[in-house]
Amino acid sequence: MPRSRGNIDHLAVGPGGVTVIDTKRLTGKVEVRGRGARAELRVGGSNRSKLLEGVERQVAAVRAVAPDVDVRAALCFVDPSGLPLLRSLGPRRILVDGTKSVAKLARRPGRLTPAAIDDLVARLNAAFPSAAS
């Protein structure tokens, strides 16, 4: 992230737009309390709402680079054992789930052509250089 110590774990780009994915390896029951902008994320009984705030900042940064594209957010739990079995969580319009649901979101259909995707990837690479670079 520009001018920040934070980073974006993954950006998935496809016909449906960009999916900002923040990956976490946390254990404990995952639950959401409240609704809307005040929704609180709890993991193992602890308030982890700062994770949602971090993803919101990442989405805002991506939208600044690609204001013409659908940008969605996901908080991906590598160990889904604490997640509800039959439903995904969606506080603050952020998908909170395991890898399969996050991959499905990233593969959503859309209107972006291969050329538009290539252009978008170039813009994102320029704005958010890889830490490995």
Side-chain angles (χ1 to χ4, degrees):
M1 291 279 295
R3 298 177 303 281
S4 167
R5 289 179 23 173
N7 69 319
I8 297 175
D9 289 342
H10 310 282
L11 292 175
V13 182
V18 180
T19 306
V20 177
I21 304 169
D22 195 7
T23 307
K24 296 298 174 198
R25 186 177 301 276
L26 301 172
T27 58
K29 181 180 178 184
V30 180
E31 58 187 334
V32 173
R33 294 187 182 164
R35 295 181 154 258
R38 300 181 80 118
E40 180 181 289
L41 178 69
R42 301 191 70 81
V43 180
S46 298
N47 185 342
R48 301 301 300 261
S49 298
K50 289 204 178 289
L51 297 175
L52 299 174
E53 295 163 10
V55 175
E56 289 171 328
R57 284 190 300 275
Q58 294 170 18
V59 166
V62 170
R63 283 187 176 140
V65 172
D68 53 332
V69 175
D70 180 33
V71 180
R72 303 210 189 159
L75 190 57
C76 182
F77 282 81
V78 176
D79 175 10
S81 63
L83 292 165
L85 290 177
L86 300 176
R87 66 182 178 96
S88 297
L89 301 174
R92 304 183 194 180
R93 300 182 52 85
I94 299 168
L95 174 65
V96 176
D97 211 335
T99 56
K100 288 182 182 180
S101 293
V102 172
K104 183 178 178 182
L105 175 64
R107 288 190 312 265
R108 67 192 178 276
R111 61 177 175 74
L112 294 180
T113 65
I117 291 170
D118 289 344
D119 176 65
L120 179 56
V121 168
R123 285 190 283 159
L124 292 169
N125 280 334
F128 307 106
S130 170
S133 299

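Basis for what follows: all heavy atoms, side chains included, without hydrogens, waters or symmetry-related copies.
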Inset, instruction - Check whether more than 12 heavy atoms from other residues, nucleotides or ligands sit under 6.0 Å from atom CZ of Arg93, and answer yes or no. - result: no
Inset, instruction - For residues Leu51 and Leu26, determine if any side-chain heavy atom of one lies less than 4.5 Å from a side-chain heavy atom of the other. - result: yes
Inset, instruction - For a side chain to side chain contact (heavy atoms under 4.5 Å, CB included) with Leu124, tell me which candidate from Asp119, Val13, Ile8, Val69 qualifies. - result: Val13
Inset, instruction - Taking all non-hydrogen atoms of both residues into account, name the closest pair between Val71 and Ala66 and its distance. - result: CG2-O, 4.4 Å
Legend entry - Val30 side chain near Val96 side chain, heavy-atom distance below 4.5 Å: yes
Inset, instruction - Decide yes or no for Arg72 and Leu95: does some side-chain heavy atom of the first lie under 4.5 Å from some side-chain heavy atom of the second? - result: no
Inset, instruction - Grab the two heavy atoms, one from Ala64 and one from Pro67, that are nearest each other, plus how far apart they are. - result: O-CD, 3.9 Å
Legend entry - Interatomic spacing from CD1 in Ile94 to CG in Leu75 - rounded to 0.5 Å: 7.0 Å
Inset, instruction - Mark yes or no for whether Asp22, through its side chain, and Val55, through its backbone, hold a donor-acceptor pair below 3.5 Å. - result: no
Legend entry - Separation between CG of Asn7 and CD of Gln58, rounded to the nearest 0.5 Å: 7.0 Å
Legend entry - Nearest atoms (heavy-atom pairs only) where Phe77 meets Leu83: CB-CD1, 4.1 Å
Inset, instruction - Kindly give the heavy-atom pair with the smallest separation between Ala39 and Val32, and that separation in Å. - result: CB-CG1, 4.1 Å
Inset, instruction - Give, for atom CZ of Arg48 and atom CD of Glu40, the distance between the pair rounded to the nearest 0.5 Å. - result: 12.0 Å
Inset, instruction - Nearest 0.5 Å please: distance from the OG1 atom of Thr19 over to the NZ atom of Lys104. - result: 13.0 Å
Legend entry - Distance-minimising heavy-atom pair for Ile21 and Cys76: CG2-CB, 3.9 Å
Legend entry - Interatomic distance, Arg63 atom CZ to Asp70 atom CG [nearest 0.5 angstrom]: 7.5 Å
Legend entry - Nearest atoms (heavy-atom pairs only) where Ile117 meets Pro15: CD1-N, 3.6 Å
Legend entry - Same cluster (ILVMFWY, side-chain, under 4.5 Å), Leu105 and Val20: no
Legend entry - Under 3.5 Å: donor-acceptor pair, side chain of Arg42, backbone of Arg33: no
Legend entry - Salt bridge Asp68-Arg123, side-chain N to carboxylate O under 4.0 Å: yes
